[in-house]
A.B. asks: 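Sharing a structure here in structure tokens format.
Position 1 is the first residue of the sequence, and the numbers go up from there. Note that ligands are numbered from 1 as they come in the structure, with each ligand's atoms numbered from 1 the same way.
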Amino acid sequence: MRRLSIISAAMALFLGHAAAQTDYPARTITMIVPFAAGGPTDTVARLVAESMSQTLGQPVIVENAAGAGGTIAAGRVARAKPDGYTLFVHHIGHATSAALYRKLPYDPGKDFAGIGLITDVPMTLVGRANLPPNDAKEVIEYIKTNKDKVTLANAGLGAVSHLCGMLLQEALATQVTTVPYKGTGPAMNDIMGSQVDLLCDQTTNTTGPIGSGKVEGYAVTTRERLKTLPNIPTLDEAGVKGFEVTAWHGLFAPKGTPQPVLDKLAGALQTALKSPRVVERFASLGTEPVAPERATPAALDQHLQAEIAKWKPIIEKAGVYAD
Ligand code: MLT
């Protein structure tokens, strides 16, 4: 009797899963962004969501759930039903949070299922338009000699702007006052309003304001200069030898999401990354979609594990933690 009920429970589960997979998606999908609207993660997510919704035949809506460097949203996604209706766009900060936060109510390396990588975004050191330094070398000197008054914005502990700022301060052996925001959207508003001095963040949000002169673009964080910002030197050129940081973005689901659902979502993601609108918009923002073989569940799962392992010793050495 007991055996029979175990078999019927297993059958029900199997049939439930099979039905979920053939019908999927049957309703609106929510894509959670762990930072404020108007920031780089939001920009990437909205472009991808628009195309995925066409492929999947259901709306894919973006919801911003900002706070604590992306960890509040990550906790929510980790606890969500793994049915393919709650997705999560996060970036390198998902990997660094594993070391930055001593206590997290979820495990970044175990509680998520990768769908695929999206893009690797270069970063830029930008300043308010009326900041005295005129170029990259001058801004480095300015930070060192004015460390007691310089303010450096970030999108919260665990944001990639925080990581870039932390690495820069370490490279310059100089600590300045950091100012956390709920995302790069509000941080950029305050740079443009001259309420804060500097920010290191992604080209997806800085290319436009640099071009229009609303902020000063001092340096890029890649080893090579960028085609979209050819006159801006690398930090390495400006004397911060070996400095390099870029922000990968990936699309995740809660762990336990059925593999056929993940594969269907990965197919829709790959279609999005080939769509002329996404390719053109990414190019105008100084980035490009990853190659199709990186926009897969296995590639993102492997990348996340490698990134957690890569950043742990670097963050431990820097001794920066959130409690
Ligand atoms: C970051 O600094 O991590 C991001 O730029 C935050 C955001 O997308 O707003």
A.B. asks: Below 3.5 Å, N or O to N or O, backbone or side chain included: is there any such pair between T41 and ligand 1?
C.D. replies: yes

A.B. asks: Of all the heavy atoms in G93, does at least one lie under 4.0 Å from an atom in ligand 1?
C.D. replies: no

A.B. asks: Mark up the atoms of ligand 1 that fall under 4.0 Å of a heavy atom belonging to H91, in ascending order.
C.D. replies: 1 (C), 3 (O), 4 (C)

A.B. asks: For F88 and F252, take the angle between the two ring planes, folded into 0 to 90°, and tell me which bin it lands in: parallel under 30, tilted 30 to 60, perpendicular over 60.
C.D. replies: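 Taking F252 first and then F88, their aromatic rings sit tilted (interplane angle of 30° to 60°).
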
A.B. asks: Can you list the atoms of ligand 1 that are under 4.0 Å from a heavy atom of A155?
C.D. replies: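 In order of numbering, the contacting atoms are 1 (C), 2 (O), 6 (C).
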
A.B. asks: Could you tell me whether ligand 1 has any atom less than 4.0 Å away from a heavy atom of H162?
C.D. replies: no

A.B. asks: Can a donor-acceptor pair be found between the side chains of T246 and D120 at a distance below 3.5 Å?
C.D. replies: no

A.B. asks: Show which atoms of ligand 1 fall inside a sub-4.0 Å distance from at least one heavy-atom site of D201.
C.D. replies: 1 (C), 2 (O), 4 (C), 5 (O)

A.B. asks: Kindly say whether D236 contributes a backbone atom to a donor-acceptor pair with the side chain of K241 at under 3.5 angstrom?
C.D. replies: yes

A.B. asks: By number and element, which atoms of ligand 1 are closer than 4.0 Å to a non-hydrogen atom of A159?
C.D. replies: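 That gives atoms 1 (C), 2 (O), 3 (O) of ligand 1.
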
A.B. asks: Give the intermediate values and the outcome of side-chain hydrogen bond (donor to acceptor under 3.5 Å, both in side chains) for residues T287 and T119.
C.D. replies: CA-CA 7 Å; T287 190; T119 179; 2.6 Å; yes

A.B. asks: What atoms in ligand 1 come closer than 4.0 Å to a heavy atom of Q202?
C.D. replies: 1 (C), 4 (C), 5 (O)

A.B. asks: So do M188 and D201 actually touch side chain to side chain, heavy atoms under 4.5 Å?
C.D. replies: no

A.B. asks: When only distance counts, is V160 in polar contact with ligand 1, meaning an N/O pair under 3.5 Å?
C.D. replies: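 It does: an N or O of V160 is found under 3.5 Å from an N or O of ligand 1.
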
A.B. asks: Do V176 and L198 come close enough that some side-chain heavy atom pair is under 4.5 Å?
C.D. replies: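 Of all side-chain heavy-atom pairs linking L198 with V176, none is under 4.5 Å.
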
A.B. asks: For G183, take its heavy atoms, then give the atoms of ligand 1 lying under 4.0 Å from any of them.
C.D. replies: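 Reading through ligand 1 atom by atom, the close ones are 9 (O).
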
A.B. asks: Under the 6.0 Å and 45° cation-pi test, does R27 pair with Y85?
C.D. replies: yes

